[in-house]
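Quick notes on the structure that follows.
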Protein chains: 4
Amino acid sequence: MSTPKKVVLAYSGGLDTSIILKWLQTEYGCEVVTFTADLGQGEELEPARKKAELLGIKPENIYIEDVREEFVRDFVFPMFRANAVYEGLYLLGTSIARPLISKRLVEIAAETGADAVAHGATGKGNDQVRFELSAYALNPDIKVIAPWREWDLSSRTKLLAFAEANQIPIAKDKRGEAPFSVDANLLHTSSEGKVLEDPAQEAPDYVYQRTVDPEKAPDTPEYVEITFRTGDPVAIDGEALSPAALLTRLNELGGKHGIGRLDLVEGRFVGMKSRGIYETPGGTVLLEAHRGIEQITLDRGAAHLKDELMPRYAELIYNGFWFSPEREMLQAAIDASQAHVEGTVRVKLYKGRASVVGRRSEATLYSEAHVTFEDDAGAYDQKDAAGFIKINALRLKLLAARARRLSGKG
Amino acid sequence: MSTPKKVVLAYSGGLDTSIILKWLQTEYGCEVVTFTADLGQGEELEPARKKAELLGIKPENIYIEDVREEFVRDFVFPMFRANAVYEGLYLLGTSIARPLISKRLVEIAAETGADAVAHGATGKGNDQVRFELSAYALNPDIKVIAPWREWDLSSRTKLLAFAEANQIPIAKDKRGEAPFSVDANLLHTSSEGKVLEDPAQEAPDYVYQRTVDPEKAPDTPEYVEITFRTGDPVAIDGEALSPAALLTRLNELGGKHGIGRLDLVEGRFVGMKSRGIYETPGGTVLLEAHRGIEQITLDRGAAHLKDELMPRYAELIYNGFWFSPEREMLQAAIDASQAHVEGTVRVKLYKGRASVVGRRSEATLYSEAHVTFEDDAGAYDQKDAAGFIKINALRLKLLAARARRLSGKG
Amino acid sequence: MSTPKKVVLAYSGGLDTSIILKWLQTEYGCEVVTFTADLGQGEELEPARKKAELLGIKPENIYIEDVREEFVRDFVFPMFRANAVYEGLYLLGTSIARPLISKRLVEIAAETGADAVAHGATGKGNDQVRFELSAYALNPDIKVIAPWREWDLSSRTKLLAFAEANQIPIAKDKRGEAPFSVDANLLHTSSEGKVLEDPAQEAPDYVYQRTVDPEKAPDTPEYVEITFRTGDPVAIDGEALSPAALLTRLNELGGKHGIGRLDLVEGRFVGMKSRGIYETPGGTVLLEAHRGIEQITLDRGAAHLKDELMPRYAELIYNGFWFSPEREMLQAAIDASQAHVEGTVRVKLYKGRASVVGRRSEATLYSEAHVTFEDDAGAYDQKDAAGFIKINALRLKLLAARARRLSGKG
Amino acid sequence: MSTPKKVVLAYSGGLDTSIILKWLQTEYGCEVVTFTADLGQGEELEPARKKAELLGIKPENIYIEDVREEFVRDFVFPMFRANAVYEGLYLLGTSIARPLISKRLVEIAAETGADAVAHGATGKGNDQVRFELSAYALNPDIKVIAPWREWDLSSRTKLLAFAEANQIPIAKDKRGEAPFSVDANLLHTSSEGKVLEDPAQEAPDYVYQRTVDPEKAPDTPEYVEITFRTGDPVAIDGEALSPAALLTRLNELGGKHGIGRLDLVEGRFVGMKSRGIYETPGGTVLLEAHRGIEQITLDRGAAHLKDELMPRYAELIYNGFWFSPEREMLQAAIDASQAHVEGTVRVKLYKGRASVVGRRSEATLYSEAHVTFEDDAGAYDQKDAAGFIKINALRLKLLAARARRLSGKG
């Protein structure tokens, strides 16, 4: 790779990406453009601007953007249409944010004439893969710099020394090592590493940052009604909300009731297993509710096909293949199923659990006339079932007859 | 179908199957053999014997058996190896019991020289399919009689009249209509129909029979440790237990903490949607725990393949194809993955939720040496990740280059 | 089912459907509308009009239509985008025609105020299922009459007697029994039954109707170039052709070279196995060519996903679920992959085989720069492969280390 | 990677691996053990021994083995049970040989106390991945040396210079560049590179080495009967043969009739597309025959599941994951289906095509009694089909009713 001349850096304003910023300047002597996104991680962005300026970034090279609506509308909601969970449990909160960041990095590179992008993910994790596959898929000629894979700042001590040598301000609480590592956005907060590295030990309560301990959650259940249109939530308790506003509201509700905590050991794309603590309060409520509305509005054939495709779809997102033809194919299939996934679901929130307790829809496929234990007025002829079973049984009977014949008992 | 001469009836001792018993005698003039199984439904079996005798069944034609161990060992546990859930949520508690009952019906038919079996499932549900496919798969020549599809006792009034006309004793509380219909076994209790037929209405609390209301569950969490070997649970809190004893224990624990309630609208195999309330206290704990032990002992490739195969596997069980080559193929694949699914999982039970909080195993694949944020002493070379990403990106870059070329911007 | 008043019959003009026509009139006393479609079966349609008139059908109730373009454009080509083959070999020539016929029957029923449709498929085959599922999916209230499942004309003798008794003219060659049964359309000809019922016996040559015996095909190969756009063939040897014209041309070419013969025993949806002889000359060439153009224009991720989805897609078509949400979902996924499946494929035709020998495209993903054995000028860094392999191997190494550890040899 | 001390080299005796041998000695100063396997590639092995001795390898370090039976029995046949084809066409002839070679390399390393293995695959292809994943899966601590990724012998000239400088004898015909590259074993011969690099150009006839040009094949068809037991071929024309002998016989037959030629552009695991010419004469006949015997002995449910699993299974083998849990899971599923895949298939060989024309088996599931167009004596009740269709249609009718309702036409 030839030396980059101008680099767009995914910049949080924190110590680590500030060190990267400086390292890019000194190591490559290149111009740095910073991109700081508000994905709903709950941090002020303006301090990042100040810090970037302090580190010598030209004002026109500082990009600070609120991308929450785009994040939820174009990434989170499409994913929830699929009921995507990775390894049965993980709602992909970190995975789904990476392609959006890469997309903006590549777009800003095009706008600013930069030939490279850089990120602060390590060489052991999934995020490096997600950032880079997305970048390459959007610009085949882009250079990607991953300082953590390149430099020799392999210990906390070396990092701090580099920071001090380069006049990077170090917040007091960053002098010591964090007891674990955190990623957050509007969908979730993840924590991993350090105190969490023994998967046999229960995670200490201070790890959780966004949900109350279920034991401390209200003693009274709360009900919420979520309304869907074409598979996406559009209103809460009858109030229409934008995607980001809706997810924010669900986060408040879920967080208050201790919903969405997950302690998981997962298989990383780079081959090792890692343990993470995830908090996805609003997403957990949303997943339940989406399944709830699908229960009455989605045909069984479509629903089962979706369930079969889902693990692959989730794996693609987890592995960083959001911008890939196969993810887009699966999305096309999933979206084709959602035209009439509409109506309202009633969810009960209580002590860490979100439970669907009711659903109604103009587009319901539930037919009381058919299913009733009462007289169905001819909607369904039970005698048809006899033929249905006989025909379904035919191949099994032929197999049984063969088994008998070959065993000499026939 | 020629007239059956001797029929083995799945007999609960209740009013409905007693009516069937009598109807078989009067309609077909055939000898009836009764089979009453203890699947853990929590009812005394001896009254069924008495009632059968009262209805004129010869003592040698009355089969009463405790099949709980076989049920859990040969049906429930194999299914849980797959983490099977139907339509994302249902633990298949009713579905998995049917093949065992059919198996015994067919075996008893062979022993007693009966040419037919009979069951009390209606023509609208899945159970008729499960009973009959299993029976035909085990004996291609067996006749199956499903009185609900044949007779004209289409109202409660007619049924009671038939009972009275035939001296079938009617318990007082059976005079009126039950407000919903129930099926139970060691794995679960399901309730459906009548008061539950409007899926928009929350199920009334009196429907739940086997789990306490989470709001009334203990205010203090309880921890339980479950030990697995080759994918199956073998001990609780260090105490080795037989399959049925273990599931019984988990049911007590789960039920006490309000765990395993599910309000579901599902797609029946016969084409309509129906609403059910399921309680699977022990099974819900077991599913969480099994996923927990797999997290550290099952390879990612195996785990993801399992997740992709699972929906089909669950569908086969739901649809009644337990005794089919394709279910057996999937079982072979699943079982091949479980050789080292062993170790102990710690689960927290609290107010309706079972959460894995720790897992440990001699066979763990979790390698702190690899995943650590600390110095890994060379276990993992981060530079390898660069090549890994580059090669994974190659096809995406070729696609991006094509898009650019064709758009004339390349 | 209440008695139908007006029925739209899929009418070929042949003896069997003429008998059905008359039977509908006499059995149900209902008005009959005939629909005769030119699907490319190679028969004149006007005789069907005359015969319908002779049997008393009012002119305004006689529908005769050339649906070849619609058939190929909206049914055959979408299916070939998927490379669909049933049970590894069958190109679904009969299956794909049924939904179109049903669609027109239902539409004509709406136009003419008919309340029922009727078809001439027997109760043992797949076609009854395909006709009826399609009809119900398009009009949930339509009645479907399948005379072969209802009447008692269970032998050739009875059929001929009925025909004679009802003044239905019987062609001389229909007096005896046909040695096998035939279905044909622009995509294929199938033959089954009678002389073909022993799957151990080679089909006699006189069964084949549309392809020459490869032994009698030209001794010199012929080349044809097929051009694709968005996954569909649009030109042959540079000449743009309509869908039906293109398939007709391919049929001539394939048939001349003995291409597309298949002797298959297949699993019917109704549970039994049957043996068929299929001739799909043009389709066989098209399948090869489509795979050929995909080889250079379809990304590997998309191609492999397509291959995995294909068997299910083919099964859905075979089983009659063309008009189902899950077929439409799969179609959406498949179509999403075909945007750049464009270019020209060169195919060699010789003695029963169509072989791709060359393909070229503006949208090619084949990069000689990358793959070359020669110096690649830095397009690909072989060292990346080392990292790629190391990371892919990591989980396998962890498994191997565990195996060693547990066996005590580690 | 620390410097290897003793290396087991996959050694063909040819120029390239001789250069590698010498390079290992000079570059790493390590002891070299050679492993030369007879996989049926059709070359004498003894010259390899002489050449190894000449290059200074100690006699006890020269391993020459005939592994043809193991190859066919334990690798080829299991793969053919799955009807495995990669990207719809490729019979995986190269892919399936690599794990066996790696297995022996690792075993010989253990026997000889070597700490490394080496192979002659380049950094652009799939074979490096297959060799190395297999090696790591069998010994997590083994070192793997891939000289083509390491050295700077990047041109033919440099290679020859190195050979001359190191007294490696160079056969006259190796002075110039080969016009394409070849890999061969008992299953197939592949050719790629150089003259084949333009996928638009038909491959010249001299590329084919193992099959006659179909145009020069016999003008008269030949028939062969292949007998199967538990999914594997065991006899030809009634003569029982060992696995390798059987495949050798099929190769002769297929090759004589020009069967098994394939011109393919495929997606490599390392991300690029490449063009190969494959000849798999016996394998092509075997695939047809295996499908033929499955047609009458394999249940539809099992067959369809196999078809759905196959692409993934083939991809795993292609990508080098033979020794992986997920391949083993799929194998378990596949093998579970083959218990009664037994009987005899009659195949017609003619001018490049192998066609099944008959099959018979004691274990047949084909039931003439059911399928017959003649009177079936009650084996099948056509009225059952009506119920079967009605129940299958129910969900489609509910969908159609909804569509009508929502459009206001209902």
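Computed from a predicted structure; not experimentally measured.
Chosen from B/E294, B/R261, B/R395, the residue pairing most often with chain A at heavy-atom distances under 4.5 Å is B/R395. Options A/K351, A/R360, A/R359, A/E266 differ in how many heavy-atom pairs under 4.5 Å they form with chain B, and the most are formed by A/R359. Of the listed residues B/G125, B/P199, B/S355, B/A314, the one with more heavy-atom pairs under 4.5 angstrom with chain A than any other is B/P199. When each of A/R268, A/K348, A/E87 is scored by its heavy-atom pairs under 4.5 Å with chain B, the top score falls to A/E87. Ranked by heavy-atom pairs under 4.5 Å with chain A, the first of B/R291, B/K383, B/R275 is B/R291. Counting heavy-atom pairs closer than 4.5 Å to chain B, the top residue among A/D198, A/I389, A/L398, A/I296 is A/I389. With chain B as partner, the option from A/M310, A/Q201, A/E192 having the largest number of non-hydrogen pairs under 4.5 angstrom is A/E192. Here B/V265 is the residue among B/L264, B/N139, B/V265, B/L309 with the most heavy-atom pairs under 4.5 Å with chain A. Between chain B and the options A/G267, A/S324, A/A386, the largest number of non-hydrogen pairs under 4.5 Å is found for A/A386. Contact count versus chain A (heavy atoms, under 4.5 Å) is highest, among B/H370, B/K306, B/R300, B/E197, for B/E197. Considering only heavy-atom pairs separated by less than 4.5 Å from chain B, the leading option among A/R149, A/K124, A/E215 is A/K124. Among B/A203, B/P221, B/S367, the residue making the largest number of heavy-atom pairs under 4.5 Å with chain A is B/P221.
The pair A/E368-B/K273 does not count as a salt bridge, with every side-chain nitrogen at least 4.0 angstrom from each carboxylate oxygen. Residues B/D141 and A/R404 are paired through a salt bridge, judged by an N-O separation under 4.0 Å between the basic side chain and the carboxylate. Between A/R346 and B/E202 there is no salt bridge, since no side-chain nitrogen of the basic residue lies less than 4.0 Å from a carboxylate oxygen of the acidic one.
Distance CG/A/D263 to CD/B/Q295: 7.5 Å, rounded to 0.5 Å. In this structure, the separation between CG on A/D307 and CG on B/D307 is 11.5 Å, given to the nearest 0.5 Å. One distance of note links CG of A/L89 with CG of B/N83; it measures 9.0 Å at 0.5 Å rounding.
The shortest side-chain heavy-atom distance between B/P325 and A/L399 falls under the 4.5 Å cut-off. Within the 4.5 Å cutoff, no side-chain heavy atoms of B/N392 are placed close to those of A/Y136. B/E308 is not listed as a side-chain neighbour of A/E308, based on a closest heavy-atom distance of 4.5 Å or more.
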Criterion side chain to side chain contact (heavy atoms under 4.5 Å, CB included) on A/L396 and B/F323, from CA distance to verdict:
CA-CA 8 Å; A/L396 303 178; B/F323 294 114; over 6 Å; no

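The two residues A/A400 and B/P140 have their closest heavy-atom pair at CB-CD, 3.5 Å.
Donor-acceptor pairing under 3.5 Å is recorded for the side chains of B/Y86 and A/H304.
Residue A/I277: no heavy atom, backbone or side chain, is found under 4.5 Å from chain B. With a 4.5 Å cut-off on non-hydrogen atoms, B/E326 touches chain A through its side chain but not through its backbone. Residue contact with chain A, scored on non-hydrogen atoms closer than 4.5 Å, involves the backbone and the side chain of B/S274 alike. At a 4.5 Å heavy-atom cutoff, the contact between B/Y380 and chain A is made by side-chain atoms alone.
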